[in-house]
Amino acid sequence: MDDKAKKTLSAIPLLKTKAGPREKDLWPQRLKEEYQALIQYVQNNKVADNDWFRLESNKEGTRWFGKCWFFHNQLKYEFDIEFDIPITFPSTAPEIALPELDGKTAKMYRGGKICLSDHFKPLWARNAPKFGIAHAMALGLGPWLAVEIPDLISKGVITYKEKSEQST
Amino acid sequence: MSTVEELQKRVAELEAILKDKNDFTGSKREKIAEMSAEVVDSNPYSRLMALKRMGIVNNYEKIREYTVAVVGVGGVGSVTAEMLTRCGIGKLILFDYDKVELANMNRLFFQPHQAGLSKVEAAARTLSFINPDVVMETHNYNITTIDNFQHFMDRISEGGLNGGAVDLVLSCVDNFEARMAINVACNTLGQTWFESGVSENAVSGHIQLIIPGESACFACAPPLVVASNIDEKTLKKDGVCAASLPTTMGVVAGFLVQNTLKKLLNFGEVSWYLGYSALSDFFPKMKLRPNPTCEDSYCRARQKEFNEKPKPVVADVPAETIKEVHEDNEWGICLVDETSQDAEPETKNNLELVEGVRAAYTVPETCPTQGPTIEDTEVSLDELMKQMKSL
């Protein structure tokens, strides 16, 4: 992790409540913390002029969806995000998926789940249960997009679509 | 518009295809009520029942009373299910949410014409054809999601032939999240299970017997890695997530089912942990004690129950004897990898690992990342959801 990534990470508040979606009493509290951390992270990104995703969930907070975007040569490429909160959360991280890229890159598991670096899981395990969805975005999806999207663009696997301009 | 002759020709063609298909399924054998030891060409169980005459197994026919759940029907799970089917297991319950793909054809069992079918459905068809005596139950879903997990637990606790718990759960999944989900289910239910796995570089694997409370559960320690005798840092992972070989998967499935048979039919010695390094043909073996501070509360509860139970006085093989698998340390492996770049000196669990096996990473006592913690808020969840949307 470089200094910039460390700084980004340390500005995301750590979570307090250790609870997964099966724990009916504590999960709503954890879910509130997840939203607080995500809101803070998005606000930090906006301040740093690096706003790059939006997320929302079903009312139970077990299924998440949203969008992320990536700028390359002044063009904006946008992708849908989706993932479930596994029953083992927060001991295990959510498996973030970009379904529309499924089958387009080898750096993915079935269903468009992104293939994370060897460093991600140890880092998550060492920081569980204080890491939440915002940390998974910052440490998982962010670096993945930065490496994979320019590569996919250069290979012509993904091309710029006009419509992504409208949803800004 | 087709002529009558053309249509008649087409009907004849289709009839021929249908006949071929019927002949294929027509050769399916009838169910056999009782396992016979009679040595005749037509008895599918004669070579298995011969194990009794040779004094290896006392009660082979008991295998028909047992139910095994196979979670993950991929490279290891499908072969595992086929071996158990051919051995005449009573009932198999298969779980997988994936479909057969042509990219799976470097592994055993599935065939190209099954591409697109769900793995559990395709497997159940083939297996019922091989041995119609085996009762098949299939579930095509992801066990780690909240919608399916309770049903998964219910099938483990009620899916047995007698309506009770299954006799063994075999984990043949390919990811950490699913292994942890099986671990939670089995710790909660006190269900004995085998974990199995093949490394992402395809050249090592392992099986591990987990009896909640008696042995380490999957969450008692970080995942274990069998040394591959190659410098992990030189491994190129660019452009791919995982490699796989039918050989390594076949070896691991063989280990898994061999130990399943020994456990169910009570013969030989069941391995607690058995590793396999394909590059050096090295097989480390050990028993892992449960971690008293395991983060899974059900694991700790099972440990308490186990410790309170009176122990049989049968002399166990001392752990030291098992550990002498490899005396020298030619791979230069240390028990806990302190050389990894994020090494932490303090670990939650003092693992007693055999040489050639190490933890994938270490976990410190306290959270290493410093920073602000979430502050308590009176704002409701609905409000927070709205705020997030309006950003």
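Values below: every heavy atom of this structure, side chains too, minus hydrogens, waters and symmetry copies. In what follows, chains are A, B, ... by sequence order, proteins preceding strands, each numbered from 1. Please read all numbers here as calculations on a predicted model, not as lab measurements.
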K.L.:
Who among A:K18, A:E60, A:Q40 has the most heavy-atom pairs with chain B under 4.5 Å?
P.N.:
A:K18
K.L.:
Count the heavy-atom pairs under 4.5 Å between each of A:G111, A:G132, A:P28, A:P86 and chain B, then report the option with the highest count.
P.N.:
A:P86
K.L.:
Go through A:L15, A:D84, A:L31, A:T62 and name the one with the most non-hydrogen pairs under 4.5 angstrom from chain B.
P.N.:
A:L31
K.L.:
Any donor-acceptor pair under 3.5 Å linking the side-chain atoms of B:T377 with those of A:Q36?
P.N.:
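Result is no, nothing qualifies.
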K.L.:
Kindly compute the distance separating CD (B:E177) from NZ (A:K113), expressed to the nearest 0.5 Å.
P.N.:
7.5 Å
K.L.:
What option among A:T17, A:L9, A:D151, A:L55 has the most heavy-atom pairs under 4.5 Å with chain B?
P.N.:
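Looking at each option in turn, the highest pair count goes to A:L55.
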K.L.:
Check whether B:N183 gets within reach of chain A through its side chain, its backbone, both or neither, counting any heavy atom under 4.5 Å.
P.N.:
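Neither part.
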K.L.:
Decide if atom CZ of B:F149 counts as having more than 12 heavy atoms of other residues, nucleotides or ligands within a radius under 6.0 Å.
P.N.:
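Count over threshold, so yes.
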K.L.:
So which part of B:A360 gets closer than 4.5 Å to some heavy atom of chain A, the side chain, the backbone, both or neither?
P.N.:
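When you check distances to chain A, no heavy atom of B:A360 falls under 4.5 Å.
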K.L.:
Should B:D174 and A:R110 count as an ion pair when the cut-off is N to O under 4.0 Å?
P.N.:
yes
K.L.:
How far apart are the closest heavy atoms of A:S10 and B:P372, and which atoms are they?
P.N.:
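Looking at all heavy atoms of both residues, the closest pair is O-CD, 3.2 Å.
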K.L.:
Please classify the contact of B:D98 with chain A as side chain, backbone, both or neither, using a heavy-atom distance under 4.5 Å.
P.N.:
side chain
K.L.:
Side chain, backbone, both or neither: which part of B:E375 has an atom under 4.5 Å from a heavy atom of chain A?
P.N.:
backbone
K.L.:
Could you go through the side chain to side chain contact (heavy atoms under 4.5 Å, CB included) check for A:K46 and B:L391 one step at a time?
P.N.:
CA-CA 10 Å; A:K46 284 185 162 190; B:L391 277 171; 4.3 Å; yes
K.L.:
Between A:T88, A:I87, A:T92, which residue shows the highest count of heavy-atom pairs closer than 4.5 Å to chain B?
P.N.:
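The candidate making the most pairs under 4.5 Å is A:I87.
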K.L.:
So with a 6.0 Å cut-off around CG of A:N58, is the heavy-atom count from everything else above 12?
P.N.:
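Yes, enclosed.
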K.L.:
Please classify the contact between A:F89 and chain B as side chain, backbone, both or neither, with a heavy-atom cut-off of under 4.5 Å.
P.N.:
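For A:F89, neither part sits under 4.5 Å from chain B.
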K.L.:
Is the shortest side-chain heavy-atom distance between A:P21 and B:I146 below 4.5 Å?
P.N.:
yes
K.L.:
Could you tell me whether A:K16 atom NZ has more than 12 heavy atoms of other residues or ligands within 6.0 Å of it?
P.N.:
yes
K.L.:
Between B:K389, B:M388, B:Q150, B:Q387, which has the largest tally of heavy atom pairs under 4.5 Å with chain A?
P.N.:
B:M388
K.L.:
Could you state the interatomic distance from CD1 (A:I39) to CG (B:L384), rounded to the nearest 0.5 Å?
P.N.:
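Spacing of CD1 (A:I39) from CG (B:L384) equals 5.0 Å.
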K.L.:
Check whether B:F152 gets within reach of chain A through its side chain, its backbone, both or neither, counting any heavy atom under 4.5 Å.
P.N.:
neither
K.L.:
Does A:K32 use its side chain to pair, donor to acceptor, with the backbone of B:D376 at less than 3.5 Å?
P.N.:
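No, because the side chain of A:K32 does not come within donor-acceptor range (under 3.5 Å) of the backbone of B:D376.
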K.L.:
Pick whichever of A:K59, A:E33, A:K130, A:R22 has the most heavy-atom pairs under 4.5 Å with chain B.
P.N.:
A:R22
K.L.:
If you define the side chain from C-beta out and look only at heavy atoms, does anything of A:R126 sit under 4.5 Å from B:T362?
P.N.:
yes
